[in-house]
Amino acid sequence: MPEKVHTHFGDEEESAPKQNLQAVPEPTEPQDAGRKKKRAKKRKRDESNDEPQPKPRDQELPQTVKTLSTKTAQKEEPIVDIQREVPAESEVADAPQPQLANNATKSRPKTKSKPLTDTKTNFTSLREKATKLYELRKKLPIFGHADEIRKNLRDQDVMLLVGETGSGKSTQIPQFLVNEFWCRPTPAKIPQKDGSSKSINVGGCIAITQPRRVAAISLARRVAEEMGTPLGSSSPASKVGYSVRFDTSTSPSTRVKFLTEGMLLQEMLHDPWLTKYSAVVVDEVHERGINVDLVTGFLRNLVSGKREGRGGIPLKVVVMSATADMESLLGFFQEGFKAQPQIQNGETNGATGSKDSVRDISVCHIKGRQFPVKTIYSPEPVHDFVDAALKIIFQIHYKEPMPGDILVFLTGQETVEALENLVNEYAVGMDPSLPRVQVLPLFAALPQAAQQRVFAPAPPRTRKVILSTNIAETSVTVAGVRYVVDCGKAKIKQFRTRLGLDSLLVKPISKSAAIQRKGRAGREAPGQCYRLYTEQDYLTLDETNTPEILRCDLSQALLNMKARGVDDIVRFPFLTRPPREALEKALLQLLNIDALGDDGSISDVGLHIAKLPLTPTLGRVLLAASEHGKECLTDVIDIISCLSVENIFLNTSSEEKKEAAEAARRELYRREGDHLTMLMTVRAYAGENADRKAWAERHLVSHRAMQSVMDVRKQLRTQCRQSKLLPRDDRQDQYHDPAPVPILQSFLCGFATNTARLVPDGSYRTVVGNQTVAIHPSSVLFGKKVEAIMYNEFVFTNRSYARGVSAVQMDWVGEALAGQ
DNA sequence: GAGCACTGC
């Protein structure tokens with residue numbers, strides 16, 4: 001065996017499995033060399049970031065190994081696997097859950113969740129099921145805290161809750177609270193603008209927000225079962241429902257409602273005081289998506305103000321997180337209370353308790369249920385984490401007993417596929433007396449069927465090796481994993497305000513992400529986590545992930561705030577305040593598209609755009625298209641639907657397939673560029689009535705993405721009909737020839753600053769800023785030279801790329817820029 | 001010559 005496989009990360013007390021490792025065959029030289037060169041070239045990009053790279057290590061590492069004391073992983077939670085099933089926190093090994101498996105449905109509206117029983121809801125069997133589940137609920141770590149939690153919220157309006165993995169918080173908290181006296185609908189008089197007052201019922205329902213759709217739906221399903229009630233719209237008596245985009249399932253009697261953060265924000269646009277709710281539970285705050293920052297900001301204003309829009313009736317707020325970083329949240333809400341004058345007696349209609357304690361905030365820690373996971377660091381910095389992972393994978397496989405699958409965290413599709421090939425090559429010559437390995441790639445762009453393979457049990461005497469991107473960190477849980485290999489890096493998207501450019505770069509992960517990854521090894525049994533970096537490196541990692549609000553374009557968030565009546569953005573209570581420059585840039589962008597008036601207040605155009613489920617620029621394009629008539633608008637809706645969805649065009653590694661698909665796709669290509677090509681694709685897909693899936697496969701188009709496109713298209717058309725931009729009569733599409741000029745000019749209304757012109761040296765330079773930009777290879781205009789281009793996205797990966805590109809005329813660009 | 005992960009009346 002060549003020296004390079006000697007790397008050993010094992011425990012001191014265990015002898016190095018050298019002999020075994022030496023049995024691992026090295027692939028033949030030429031192949032290996034060629035492949036390595038290619039890979040090295042490819043990976044160079046990943047590593048050529050602003051981050052300092054660890055020095056190349058020597059060929060052989062010392063066999064000393066540092067082993068961190070076995071700490072349990074602290075983080076994480078809802079954890080729903082791709083099969084869209086049960087949240088892991090409620091899973092109990094011996095739980096009988098026959099129905100859950102059968103009821104696994106996708107979150108698409110077409111496959112709406114079936115009633116839990118036959119057409120006639122069988123309440124007796126629901127109750128019996130719930131009674132059984134109650135025995136399991138009693139064993140959850142949070143169950144003993146029920147009284148404490150109830151008492152906290154009787155006395156106080158805000159509670160912060162740290163719940164480790166498997167504590168049961170997401171499913172149990174709503175059930176603890178739903179029968180509290182303050183959770184009943186309460187009559188209240190709401191003062192109106194004209195001085196009169198209106199009597200309504202305030203409260204009665206609990207909202208629980210989730211960052212992801214699948215989590216919202218599967219938690220709702222689980223809680224409905226535990227409460228012995230039908231789910232959502234399946235029965236008017238249903239007490240538990242959910243609401244996510246394209247799929248809302250509630251009933252008139254819904255008391256517990258799981259929804260995505262985005263959905264709650266949308267509800268707040270129509271009902272800023274959340275009058276339907278007695279409590280809002282914000283779950284998974286540690287993930288810190290931008291929506292959760294907006295939600296907490298709005299909620300802080302709501303709980304610390306005078307609640308005039310709720311007739312003085314308090315709103316209870318529970319903020320739940322898996323990390324212990326509760327101090328900043330505590331400070332955040334306390335600051336809100338401090339800034340407000342003390343509430344006088346009598347103004348708090350429902351709440352009892354002393355005046356002073358009403359404003360206190362309780363903090364509650366719940367232990368999780370996790371097995372210990374041993375951390376094993378690399379003794380020296382790792383230069384090539386793909387090679388290092390390869391060695392560790394086989395070291396584990398040779399040394400550790402079955403069962404116990406291996407989950408490897410990598411940065412992206414490229415590294416996943418590179419390692420997949422390597423492991424397969426090495427596995428070919430493995431000692432036949434050893435268990436086999438089954439390599440399973442996992443990344444978001446992988447077709448659904450291939451993703452599902454990860455969840456299938458391995459064949460007998462086979463160890464699964466799952467090579468995954470970040471998708472397995474939060475969104476997907478794979479059962480059976482006892483070994484985690486963590487490369488310590490992830491691709492992170494960062495919006496650079498000054499350049500108006502999104503960068504997708506490989507960066508070191510945070511400590512909390514490292515803990516999260518490690519925790520994946522301890523869900524079913526004690527596990528091990530091999531970190532492909534030194535303990536020293538670990539200690540220098542940031543504590544937490546950079547909140548999205550510091551990494552993204554803020555225009556949509558600001559428009560939402562303006563639409564909610566937040567006039568002074570600077571005084572908005574941000575959990576993390578974005579830099580002034582980023583706020584100004586977003587305001588400027590909103591001004592440019594006429595969403596704001598010169599005084600910074602929201603315009604009619606802005607109000608309209610804010611209600612669309614689109615970025616402000618795409619919303620502006622839609623409005624612009626409506627001025628060119630109905631045909632232009634429907635065409636632009638088709639294109640916008642594609643742009644607001646993941647990439648609809650697939651790629652394949654197989655050359656023959658590629659050529660066949662290229663040929664099939666050719667009929668869709670339009671020389672005007674990607675926008676018109678998308679239009680032709682949507683038309684062809686929508687016009688395919690026989691077998692859309694087969695059509696998609698033939699054209700190497702993502703069926704999954706196209707289903708989302710059709711969902712968005714339907715939603716946008718409905719909204720346009722409601723706002724009278726489209727006529728009500730819903731005639732079947734009479735396809736006209738598309739008119740590229742008005743379509744592209746509509747796009748320029750939103751994207752005038754996303755334009756570049758051809759310069760004499762044959763490259764493109766941005767019209768604003770004069771930066772070099774290349775047409776992305778995925779574009780139909782790749783390699784083409786046109787007078788000027790307009791693009792949907794400006795992304796930096798290994799260089800600056802324009803994506804979603806169409807040819808435009810310079811004088812159109814001039815007009816569009818002048819119009820701003 | 002290239003595709004981290006989420007999400008929206």
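In what follows, chains are A, B, ... by sequence order, proteins preceding strands, each numbered from 1.
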- Pairwise 5' ranking along DNA chain B for His270(A) and Ala490(A), keeping only the more 5' one: Ala490(A)
- Query: With a non-hydrogen cut-off below 4.0 angstrom, is Ile290(A) in contact with a base, only sugar-phosphate, or nothing?
  - Reply: nothing
- Return the 5'-most residue of the pair Gln413(A), Pro613(A) with respect to DNA chain B, ranking by each residue's nearest nucleotide. Gln413(A)
- Item | Strand-adjacent residues in residues 258-268 of chain A, judged by heavy atoms under 4.0 Å from DNA chain B | Thr260(A), Gly262(A), Met263(A), Gln266(A)
- Message: Donor-acceptor pair, distance only, cut-off 3.5 Å: does the side chain of Ser702(A) make one with the backbone of Ile648(A)?
- Response: no
- Has the side chain of Asp502(A) got a donor or acceptor atom that lies under 3.5 Å from a matching backbone atom of Glu793(A)? no
- Query: Checking Gln210(A) side chain against Phe258(A) main chain: does a donor-acceptor pair fall under 3.5 Å?
  - Reply: no
- Query: Are the side chain of Arg620(A) and the backbone N or O of Gly606(A) linked by a donor-acceptor pair below 3.5 Å?
  - Reply: no
- Item | Test item: Thr275(A) side-chain N/O and Asp271(A) main-chain N/O as donor-acceptor pair under 3.5 Å | no
- Task: Test the Arg496(A)-Phe796(A) pair against the cation-pi criterion, namely NZ or CZ under 6.0 angstrom from the six-membered ring centroid and within 45° of the ring axis.
- Result: yes
- Message: Just the rounded figure in Å: distance from C1' of dG3(B) to CG of Leu446(A).
- Response: 12 Å
- Nearest-neighbour nucleotide for the Lys493(A) side chain, dC4(B), dC6(B), dG1(B) considered: dC4(B)
- Can you tell me how far P of dG3(B) sits from CZ of Phe796(A), to the nearest Å? 11 Å
- Whole angstrom value for the distance that separates C1' of dG3(B) from CZ of Arg803(A): 6 Å
- May I ask you to evaluate whether Asn798(A) reaches the phosphate of dA2(B), defined as a side-chain N or O under 4.0 Å from OP1 or OP2? yes
- Query: CD of Glu793(A) versus C1' of dA2(B): gap in Å, rounded?
  - Reply: 13 Å
- Task: Look at all strands and tell whether Leu269(A) reaches a base, only sugar-phosphate, or nothing, counting heavy atoms closer than 4.0 Å.
- Result: nothing
- Task: Rounded off to whole Å, could you give me the CZ-to-P distance for the Arg799(A) and dG1(B) pair?
- Result: 8 Å
- Of the candidates dC6(B), dG3(B), dC4(B), the side chain of Tyr801(A) sits closest to dG3(B)
- Taking atom C1' of dT7(B) as reference, at what distance in whole Å does atom CD of Glu287(A) sit? 12 Å
- Message: Rounded to whole Å, how long is the line connecting atom CG of Asn560(A) with atom C1' of dT7(B)?
- Response: 13 Å
- Task: Tell me what Ala444(A) touches on the nucleic acid: a base, only sugar-phosphate, or nothing, going by heavy atoms under 4.0 Å.
- Result: sugar-phosphate
- Item | Main-chain N/O of Ser778(A) paired with His776(A) side-chain donor or acceptor, under 3.5 Å | yes
- Is His776(A) near enough to dG3(B) that one of its side-chain N or O atoms lies under 4.0 angstrom from OP1 or OP2? yes
- Within the 6.0 Å centroid threshold, strictly below: Phe572(A) and Phe298(A): yes
- Separation of dC6(B) P from Arg245(A) CZ (nearest whole Å): 15 Å
- Message: So if I take every side-chain heavy atom of Ser778(A) and compare against dA2(B), dG3(B), dA5(B), which nucleotide ends up nearest?
- Response: dA2(B)
